[in-house]
Amino acid sequence: MKLKLLSIIALVGISLAPSAGWAAIRIIVHVKNPTQQVSRKFLADAFLRKITFWKSGEAIAPVDLDAESKTRREFSDLILLKPVTAVRNYWQQMIFSGQSVPPVEFDSEKRVIQYVAEHPNSIAYVSDKTPLEKGVKAIPWK
Amino acid sequence: MILSLILFLAIFTANPTPAHAQTAEAPIWHGFISQGFLKTTENNFLADSQGGTFDFTEVGLNATQSLSDNIDVGAQLFSRKLGPSENFNVKFDWFYANYQSSNWLKFKVGRIKIPFGLYNEQSDVDSARVPILLPQSIYPAQSRNYLLAQNGVQIYGFGDLGSFGSLDYHVYAGSINVDLPPITSTAAIITQINIPYLIGTRLLWETPMNGLRTAITVQRLTGDFDVLAAGAPLTAHLPAIQWIASVEYAFYRLTLATEYAREYVKLESNSPLLPGAAQTSEQFYIMANYQLTDRFAPGLYYSMYTPDILNRGAHERRLGDLAIYFRYDLNRNWLLKLEGHVMEGTAGLDTALNGGQPLSSLDDEWQAVLLKTTVSF
């Protein structure tokens, strides 16, 4: 009986949780951004635009990848703890109720990096395999 | 209608920019078109629905513009056909100027969606949710004009509480213009409704447990009604206090939510034809949605509405609603929904839609089926 119960709990857990096998996500900011480290919660709140200012008082400009991007899916699962579909629904709520608009979105990590290099208040994520360019730096998250 | 359109275009005169190509400088445009079908057995609900009706259409277009890091403006035009109550009148659904001082302190003025409970702000955004109808006990579709938005001010913010989670607060005050055709009941005709003031607050606590959030909303308002009773013009004054307690748990693909609300309403009038009275209503629902795949999400809820907690007995004194529904996203812009309801009771139904019959004479067991498709960008 106990074994049966444990099996059911395990099955439910497997079906609810995101699939395993992450590629590492690298968080990037402008090279002049004084931030040394961010928490997962800070990232989630910033990318859902619940918080809109850095500690310095400057506005946060989050940058997303296109919804079809593998890195975006992994960021969504790992940081936002929601599938991309749920995040899209969240933005529909925000957009059509006049509360907020989603982050600016690009279809390639190269363009994301370029944008961050040009915008000192921005924050973004890329795959750890993507080479960084001058003007951006990676910061750890926990 | 024309004035609304001219104003809207005057505010956002730049070239429309698709969402995927947006920049911080250009106005950002979004819109949606929804078409629904509603069929009920026994009683008419929201529209002349017993024979099936397509009088269930919504269209909206909005634009937002960031003026600086701290200031943004936005507006949405909305039009709806839902039975006899609304007939494609184009109006400003919301418009605002928003100033952000810090994460903790932000100000908004204009016509603003009311943050009542978890979902009131999105109650007419079909693409944002799984069901077609939100639980009708707390988010009644026919009360959209009364409950959705207010003209006034809002102070709000979001703060990190460290190991205690986060707190999201809203404090708001304003008035509501109710733009409705005359409402006929068995006793009287309501010719005009005005809500001269409304004040409220919502505190939403995101607990340290990921995905678990809880909220309490309290709202006080006063409704002024012009009424024709037995051919005589009367005025009625309805002060009301509403509160709602909310809990939501969103764990990856699963979302569970429950809300419990009460509303205390007092009737004061200048005529013996409308004697004073007081009543407390009760609303409750429990809901579960599951995003089975990226495209497909089923869900179900049970909702109960009791207009008078001291008189729960008869079937016109309650409306229980068991709903099961499915959402399928054809692509990121186009979705289909199917929904079935098993209803028990007649509280909240419109007597005018049901041949002027009192709610007590309507069938207490009835069903509804809804289909809806929405395109949004």
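Residue numbering restarts at 1 for every chain, and letters A, B, ... go by the order of the sequence lines.
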## Note on the structure
So, the part of B:Asn98 with a heavy atom under 4.5 Å from chain A: the answer is neither
#### Entry: Residues, nucleotides or ligands: over 12 heavy atoms within 6.0 Å of B:Lys372 NZ
yes
### Message
Looking only at the side chains, is there a donor atom on one of B:Gln100 and A:Thr52 sitting less than 3.5 Å from an acceptor on the other?
### Response
yes
#### Entry: Contact check, side chains of A:Ile95 and B:His30, non-hydrogen atoms, under 4.5 Å
yes
### Message
With a sphere of 6.0 Å drawn around CD1 of B:Ile33, does it hold more than 12 non-hydrogen atoms of other residues, nucleotides or ligands?
### Response
no
### Task
Start with the C-alpha distance between B:Glu121 and A:Gln99, add both sets of side-chain angles, then the distance that settles side-chain contact (heavy atoms from CB on, under 4.5 Å), and finish with yes or no.
CA-CA 9 Å; B:Glu121 290 155 298; A:Gln99 294 183 77; 3.3 Å; yes
### Message
With heavy-atom distances below 4.5 Å as the criterion, would you say the side chains of A:Leu81 and B:Tyr252 are in contact?
### Response
no
### Message
Surrounding CZ of B:Phe296 (heavy atoms of other residues, nucleotides or ligands, distance under 6.0 Å), is the total greater than 12?
### Response
yes
#### Entry: B:Arg129, part contacting chain A, at a heavy-atom distance under 4.5 Å
neither
### Query
Has B:Trp334 got more than 12 heavy atoms of other residues, nucleotides or ligands less than 6.0 Å from its CH2?
no
### Message
Give me the atom names and distance for the closest heavy-atom approach of B:Ala128 to A:Gln93.
### Response
CB-CG, 3.2 Å
### Query
With a 4.5 Å heavy-atom cut-off, do A:Met94 and B:Val125 have their side chains touching?
no
### Task
Verify the distance criterion only: is there a donor paired with an acceptor across the side chains of B:Gln291 and A:Thr85 at less than 3.5 Å?
no
### Query
Under 4.0 Å between a Lys/Arg side-chain N and an Asp/Glu carboxylate O for B:Asp294 and A:Arg88?
no
### Message
For a 4.5 angstrom cut-off between non-hydrogen side-chain atoms, does A:Lys50 reach B:Ser166?
### Response
no
### Summary
When every non-hydrogen atom of B:Ser376 is compared with those of A:Gln92, the smallest separation belongs to OG-OE1, 3.3 Å
### Query
Ignoring hydrogens and geometry, is there a side-chain-to-backbone donor-acceptor pair from B:Trp94 to A:Phe96 under 3.5 Å?
yes
### Summary
When rounded to the nearest 0.5 Å, the distance separating CG of B:Asp160 from OG of A:Ser39 is 7.0 Å
### Task
Supply the atom-to-atom distance A:Phe53 CZ to B:Ser101 OG, rounded to the nearest 0.5 angstrom.
7.0 Å
### Query
Contact part of B:Thr255 toward chain A, heavy-atom cut-off under 4.5 Å: side chain, backbone, both or neither?
neither
### Query
Under a 4.5 Å cut-off applied to non-hydrogen side-chain atoms, are A:Asn121 and B:Asp69 in contact?
yes
### Task
Write down the atom of B:Tyr96, the atom of A:Gly98, and the distance for their closest heavy-atom approach.
CE2-O, 3.3 Å
